[in-house]
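One structure below.
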Amino acid sequence: MSKKVRVRFAPSPTGGLHLGGVRTVLYNYLFAKKQGGDFLVRIEDTDQTRYVPGAEEYIFDTLRWCGLEPDESVQHGGNYGPYRQSERKAGYRQYAEQLVKNGHAYYAFDTPEELEKMRQDHKTEHNPSPQYDHTIRMKMRNSLTLSEEETARLLSENTRHVIRIKMPANETVSFTDMIRGEVSFETGLVDDKVLLKADGMPTYHLAVVVDDYLMEISHAFRGEEWLPSAPVHILLWKHLFGLENMPQWAHFPLILGPNGKLSKRDGAKYGFPVFAMNWTDPKSGELTEGFREKGFLPEAFINLLALLGWNDGSEKELFSLDELVQQFSMERVHSAGAKFDYDKAKWFNHEWIKKLPATALLPKVEALMSKNGFTITDTILLEKVIELVKDRCTLLTDFVQQACFFFQAPATWDAEAVKPKWNGQKKEFFQQLIRNYQDVSDWSLAVLEANFQTTAVANQLKPGEVQLPLRIMLVGGKFGPPVFAIAELLGKEETISRMEKALPLFE
RNA sequence: GGCCCGUUCGUCUAAGGGUUAGGACACCACCCUUUCACGGUGGUGAUACGAGUUCGAAUCUCGUACGGGCUACCA
């Protein structure tokens with residue numbers, strides 16, 4: 001039997017989406033699209049204490065920016081809703097109770113204080129974090145230790161309680177991970193995880209299994225940090241819906257920062273973005289910079305993420321989203337964690353800026369220019385400028401410096417770069433050049449350069465000696481594309497005006 | 001502490017028993033260029049360690065070391 005491929009990304013809306021999260025989305029998306037399947041987003045908001053306004057919207061905005069549109073979600077609709085777990089609350093309890101009835105789970109009435117006491121009492125040097133497991137549970141207040149009548153009474157009085165899974169004392173649970181192969185666990189070493197919380201909400205453990213079943217998920221992918229709880233989920237599948245219906249699992253390697261698991265703190269600390277887009281924490285007001293605002297192209301962002309833990313076996317590194325869909329395979333995803341390298345990330349962006357046509361860059365650069373106070377009226381010119389300077393832009397934000405002087409005459413000039421070698425001979429040369437340029441009717445790069453060289457030679461100057469001064473006149477500094485290309489785009493009037501204005505500054 | 005996963009240049013990785021261990025980023029040198037880049041050529045640089053299996057191991061097995069993750073009524 002081959003079920004239709006259906007995968008899900010199940011984020012918890014508690015803040016910005018970071019690199020690892022987006023890569024998880026990406027691999028889900030690529031796998032689904034490659035197989036002709038569906039990709040859906042399910043919001044895992046079962047922890048009401050961690051609700052963060054705006055986080056859910058942010059997730060969808062990020063997916064949109066990346067071009068990874070879900071087939072089903074809160075925003076996209078679908079036949080398997082609701083796609084927000086808080087709205088599915090009513091359904092979970094029956095599954096937990098079914099487990100209790102079958103002896104695979106139990107009611108636990110321990111208060112937070114009692115749990116804390118248990119941890120303190122059992123804490124030793126060799127066991128710094130005691131678990132609520134098969135060695136402990138008979139010492140706690142639950143339906144296993146209480147009489148049937150007492151349990152019934154507590155339940156009928158609506159005593160706060162949770163439902164915990166009853167992990168077998170001595171079984172081996174194993175499954176085949178698509179990336180790691182067979183992974184196995186001893187159930188006696190795993191604790192009795194809470195399945196249903198006192199507020200009636202399921203924990204992740206119950207919700208992920210129930211919803212993956214109800215939403216007919218065929219393949220369940222998540223980060224490696226979930227591997228230790230896999231045995232809980234396997235057992236839940238076994239007792240609730242049958243192992244034969246369980247999705248195939250794959251646990252992605254972690255994306256590491258300079259010191260282990262990537263955190264948003266790393267961004268501030270090491271000067272690179274961690275989130276996809278800017279995220280402002282609504283409580284603290286703290287802004288965490290995103291790749292998008294840093295000047296990354298979504299094409300590059302997707303590309304670099306895809307290659308962080310996967311490759312197609314060839315030496316190809318630049319992939320469009322379509323190419324990734326074509327080439328992706330779970331078997332080629334690495335099992336080892338990957339340390340994020342910002343230099344390489346920038347390289348990907350640079351490559352994509354070079355690769356994309358100016359027309360594709362135009363709207364983004366235009367927005368950036370206007371954000372920096374340059375109102376562009378001539379988009380034809382801007383497009384030419386982009387074509388001319390994009391090779392020297394690693395980040396989109398670099399366009400501001402590389403393009404600004406085409407739209408605004410320099411306000412300051414790096415005269416110091418010229419003065420030391422300045423002399424009367426050069427001054428005369430430029431005076432003559434201005435006169436010559438005034439007579440040019442075919443204002444083109446070739447004509448301007450030829451005229452420049454002839455004039456230089458006539459003045460006993462090597463053309464190279466006077467190119468830098470011309471650049472400073474037109475640009476203001478030692479940067480930008482070839483100087484005659486600049487003059488050509490600037491036009492006759494503006495070029496001559498800038499020359500006349502700057503010439504006296506070199507005295 | 002326990003459990004789980006992992007280990008090829010500084011970083012991302014290729015090589016699914018036989019290669020001078022390949023590529024990319026970064027770095028260095030040279031070329032191109034009298035701006036800065038792009039580009040081109042070349043260079044430095046890795047199979048964690050120890051056993052075993054084998055004619056032969058980066059590749060298979062075991063151990064050790066190291067790294068990471070998990071160990072909440074968070075996901």
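Keep in mind it's a predicted model, so treat the numbers as computed, not measured. Each chain gets a letter, A, B and so on, in the order its sequence line appears, and its residues count up from 1.
When all heavy atoms of Tyr58(A) and Gly15(A) are compared, the pair lying nearest together is CD2-O, 4.4 Å. Annotation for Asp312(A) and Gln327(A): closest pair OD2-NE2, 4.0 Å, computed over non-hydrogen atoms.
Judged by distance alone, the side chain of Asn142(A) and the main-chain N or O of Leu144(A) form a donor-acceptor pair under 3.5 Å.
Contact annotation for Asp110(A): base contact, defined as any heavy-atom pair under 4.0 Å involving a base atom. Contact annotation for Pro482(A): base contact, defined as any heavy-atom pair under 4.0 Å involving a base atom. At the heavy-atom level, Val162(A) lies under 4.0 Å from base atoms of the strands shown. Nucleic acid contact for Arg332(A): sugar-phosphate only, since backbone atoms but no base atoms lie under 4.0 Å from a heavy atom of the residue. Here Pro481(A) lies in heavy-atom contact (under 4.0 Å) with a base. Counting non-hydrogen atoms under 4.0 angstrom, Thr203(A) reaches the backbone sugars and phosphates but no base. Looking at heavy-atom distances under 4.0 Å, Gly477(A) makes no contact with the nucleic acid at all. Within 4.0 Å of Arg164(A), counting heavy atoms only, lie sugar-phosphate atoms of the nucleic acid but no base atom.
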N/O contacts under 3.5 Å, protein versus nucleotides 4-6 of chain B?
unit_1	atom_1	unit_2	atom_2	d
C5(B)	O2'	Arg180(A)	NH1	2.4
C5(B)	O2'	Glu224(A)	OE2	3.0

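Under the Watson-Crick or G-U wobble criterion, with both distances below 3.5 Å, A29(B) is paired with U41(B). Base pairing of C73(B): no nucleotide in any strand meets the Watson-Crick or G-U wobble criterion (both distances under 3.5 Å). When both pairing distances are held under 3.5 Å, G63(B) makes a Watson-Crick or G-U pair with C49(B). Base pairing analysis places C9(B) opposite nothing; no Watson-Crick or G-U wobble pair with both distances below 3.5 Å involves it.
Comparing Pro128(A) and Gly260(A) by the nucleotide of RNA chain B whose heavy atom lies nearest to each, the residue mapping closer to the 5' end is Pro128(A). If you find the closest nucleotide of RNA chain B to Phe340(A) and to Glu125(A), the one lying nearer the 5' end belongs to Glu125(A).
In summary, the aromatic rings of Trp237(A) and Phe175(A) are positioned with their centroids too far apart to meet the 6.0 Å limit. The ring of Phe221(A) has its center no closer than 6.0 angstrom to the ring center of Tyr27(A). Residues Tyr204(A) and His233(A) bring their aromatic ring centres within 6.0 Å. A centroid separation of 6.0 Å or more is found between the aromatic rings of Phe506(A) and Phe430(A).
For the OP1/OP2 pair of A75(B) and a distance below 4.0 Å, the side-chain nitrogens and oxygens of Arg50(A) include no atom meeting the criterion. OP1 or OP2 of A14(B) has at least one side-chain nitrogen or oxygen of Asn311(A) nearer than 4.0 Å. Contact annotation: Thr46(A) side-chain N/O to A75(B) OP1/OP2 distance is under 4.0 Å. Under 4.0 angstrom from either OP1 or OP2 of A14(B) there lies at least one side-chain N or O belonging to His334(A). Here Lys197(A) does not reach the OP1 or OP2 of A72(B): none of its side-chain N or O atoms lies under 4.0 Å away. For G39(B), one of the phosphate oxygens OP1 or OP2 lies less than 4.0 angstrom from a side-chain nitrogen or oxygen of Lys354(A).
To the nearest angstrom, C1' of C74(B) lies 15 Å from CG of Leu195(A). Put simply, CE on Met201(A) is 11 Å from P on C74(B), counting in whole angstrom units. Rounded to whole angstrom, the span from the CG atom of Leu395(A) across to the P atom of C38(B) amounts to 13 Å. Regarding Asp47(A), its CG atom lies at a distance of 10 Å from the C1' atom of A72(B), rounded to whole Å. Remark: C1' of U11(B) and CG of Leu304(A) are 14 Å apart, rounded to the nearest angstrom. Distance CE (Met140(A)) to C1' (C73(B)): 13 Å, rounded to an integer number of Å. Distance, Gln401(A) CD to A37(B) P: 12 Å, rounded to whole Å. Rounded to whole angstrom, the span from the CG atom of Leu307(A) across to the P atom of G23(B) amounts to 17 Å.
For Leu256(A), the side-chain atoms get nearest to G68(B) when compared with the rest of G68(B), A75(B), U35(B). The listed nucleotides are A24(B), G22(B), A72(B); the one nearest the side chain of Glu315(A) is G22(B). Of the candidate nucleotides U71(B), A15(B), G2(B), G2(B) has the atom nearest to the side chain of Leu189(A).
With its glycosidic angle within 90° of 0, C38(B) is assigned syn.
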If you look only at distance, which donor and acceptor atoms sit under 3.5 Å apart when one is on a side chain in residues 398-409 of chain A and the other is two or more places apart or in another chain?
unit_1	atom_1	unit_2	atom_2	d
Asp398(A)	OD2	Thr394(A)	N	2.9
Asp398(A)	OD2	Leu395(A)	N	2.9

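Arg8(A) and Asn28(A) share no donor-acceptor pair across their side chains, judged by distance under 3.5 Å alone.
For the atom pair Leu99(A) CG and Leu206(A) CG, the distance stands at 7.0 Å (nearest 0.5 Å).
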Revision key, fill the gap. A correct 5'-to-3' footprint of nucleotides 26-34 of chain B, with B, S and - meaning base, sugar-phosphate only and no protein heavy atom under 4.0 Å, is S-------B
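A cation-pi contact, defined as under 6.0 Å to the ring centre and within 45° of the axis, links Lys344(A) to Trp347(A).
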Exercise for review: Take Trp249(A) and Ile234(A) through the test side chain to side chain contact (heavy atoms under 4.5 Å, CB included) and record every step on the way to the result.
Suggested key: CA-CA 10 Å; Trp249(A) 296 97; Ile234(A) 307 282; 3.9 Å; yes
